[in-house]
2 protein chains.
Amino acid sequence: MELSATAYVILGMVAREPQSGYEIKALVDKTTRFFWAASYGQIYPELRRLAEAGLVRGIDASRGERKRTVYEITADGRAALEKWLREPPRTYELREEGLLKLFFAGALPPEEAVATLRAMRDHRLGVAEELSAIEAKALIKDLRGDPFPLMVLRGGIEFNEWFADWCGRMERQLLDPVRERRSS
Amino acid sequence: MELSATAYVILGMVAREPQSGYEIKALVDKTTRFFWAASYGQIYPELRRLAEAGLVRGIDASRGERKRTVYEITADGRAALEKWLREPPRTYELREEGLLKLFFAGALPPEEAVATLRAMRDHRLGVAEELSAIEAKALIKDLRGDPFPLMVLRGGIEFNEWFADWCGRMERQLLDPVRERRSS
DNA sequence: ACAGGCATGTAAATAGTTACATGATTCG
DNA sequence: CGAATCATGTAACTATTTACATGCCTGT
């Protein structure tokens, strides 16, 4: 059975401990959203499909009158998750709209093309800062023995900083034709 | 009027010179596909919509019996493209399935988690090589005065190399607990 | 009382992929 | 002749976002 990457996000989240749909969404927004987001419109229908396929099991966890269902992973679900984790990644595409704009920046006058790079740089620095704020909070709690979430978060920070730096270098290259001639 | 990013890809491609749908697809596959891909199922319907909106104009360019339409950008189309190019980027998400697997790698025994990083590294080195092959070809022809396509391509190569290096560093960190303790 | 967070869900729209169908032309 | 490439397109499916509807519970 073919599962979407979003299905594996859900499976991975409930594999740690049982979660409600609402909690999964909150977790995704705090953790994987910078490289894989998910909306309620995906999470709830997907939870139902996973339950029908026997990969998760819904458990009533109502609090008083407020109805609530948490989902736990089944043995089959864990097997499916581990199988997926063992397959090599094959992502080719990054989906970076900034690079798209830069690719076509020749359609603008040169000063404005430089502004594109500057905007990309500012944006990436902003994201790096946002992620750093999350890191600070993440360090305080909830990392009993699993180094990977923090590793990925730090990778995200480093990536955004690297990208911002690249934008800065490209900006200088555009503004300094001598250096450009030398390096090409 | 709101246009999708894919619509701007098409607009940007025909802004250089008039292209048929088939040529646009071939161009995208040679250039933007590592950060923004497009399929025939998007390109042909989108060309029709853009023509209806007056942003491109179809011109019959049949060769003998073989029907063929090339699209050229209109003044309105150029204005829409430039307006979009001037807006700051806002991409937050990267969609990297490898990072997703790494995030959940704690569900596997430690040796296999290391294998995830190794697979990511190999994959990124492979993509860097593919892009380098394209770069070699791109250098030969077709870059009259527009530095941006090559800049973006080189950025893609650098990114994949940076990412591969990061994977290598993370792998060593996992294999060397002393260093890990020091850095956290 | 009311704001804010908890909780579940759906409808509609948009976006994007895959697979197929059709047929011409070119090159070996 | 057959394969590859040129060329256009659609149907069906899958993925994803956005906006909305509903209602409970907690703290001020």
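Being a predicted model, the structure only gives us computed values, none of them experimental. The chains referred to below are lettered A, B, ... by the order of the sequence lines, with proteins before strands, and numbering in each begins at 1.
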Could you name each residue pair satisfying salt bridge (charged side-chain N to carboxylate O under 4.0 Å, His left out) that touches [range], not counting sequence neighbours?
range                       : answer
residues 156-165 of chain B : R169(A)-E158(B), D165(B)-R169(B)
residues 70-83 of chain B   : R57(B)-E72(B), E82(B)-R86(B), K83(B)-E87(B)
residues 123-134 of chain B : R33(B)-E130(B), E96(B)-R124(B)

Is any side-chain nitrogen or oxygen of [X] closer than 4.0 Å to OP1 or OP2 of [N]?
X      : N       : result
S4(B)  : dT14(C) : no
Y22(A) : dT8(C)  : no
S20(A) : dT8(C)  : yes

* Which other residues end up in the same hydrophobic cluster as V70(A), if Ile, Leu, Val, Met, Phe, Trp and Tyr are linked when side-chain heavy atoms come under 4.5 Å apart? -> I59(A)
* Asked: Could you give all pairs that pass the ring pair (Phe, Tyr, Trp, His ring centres under 6.0 Å) test and reach residues 69-122 of chain A, with sequence neighbours left out?
  -> Y8(A)-W84(A)
* **All pairs passing ring pair (Phe, Tyr, Trp, His ring centres under 6.0 Å) where residues 17-36 of chain B contributes a residue, at least two apart** => none
Would you mind reading off the distance between [X] atom [atom1] and [N] atom [atom2], rounded to a whole angstrom?
X      : N       : atom1 : atom2 : value
I10(A) : dT8(C)  : CD1   : P     : 13 Å
Q19(A) : dC6(C)  : CD    : P     : 13 Å
Y8(B)  : dT14(C) : OH    : C1'   : 15 Å
R95(A) : dT17(C) : CZ    : C1'   : 11 Å
E2(B)  : dA13(C) : CD    : C1'   : 14 Å

* To do: State whether E52(B) and R49(B) are salt-bridged, where the test is any N-O pair (Lys NZ or Arg NE/NH1/NH2 against Asp/Glu carboxylate O) under 4.0 Å.
  => no
* Structure fact -> Residues of residues 37-50 of chain A with a heavy atom under 4.0 Å from any atom of DNA chain D, listed by number, are S39(A), G41(A), Q42(A)
* With sequence neighbours excluded, residues passing ring-ring contact (aromatic ring centres under 6.0 Å, His included) with Y44(A) -> Y40(A)
* Counterpart residues, salt bridge (Lys or Arg N to Asp or Glu O under 4.0 Å), relative to D29(A) (two or more places apart) -> K25(A)
Is there any protein nitrogen or oxygen under 3.5 Å from a nitrogen or oxygen in nucleotides 25-27 of chain C, and what are the pairs?
from	atom 1	to	atom 2	distance (Å)
dT25(C)	OP1	E65(B)	N	3.0
dT25(C)	O4'	R66(B)	NH1	3.3

* To do: For DNA chain D, note the earliest and the latest nucleotide, 5' to 3', having some atom under 4.0 Å of a heavy atom belonging to chain A.
  => dA15(D) to dC25(D)
* Along DNA chain D (nearest heavy atom to each residue), the more 5'-positioned of E23(B) and E93(B) -> E23(B)
* To do: Look at the side-chain heavy atoms of Ile, Leu, Val, Met, Phe, Trp and Tyr, link any pair under 4.5 Å apart, and say whether L131(B) and L150(B) land in one connected group.
  => yes
* Structure fact -> Contacts of W166(B) meeting side-chain hydrogen bond (donor to acceptor under 3.5 Å, both in side chains) (sequence neighbours excluded), chain-then-number -> none
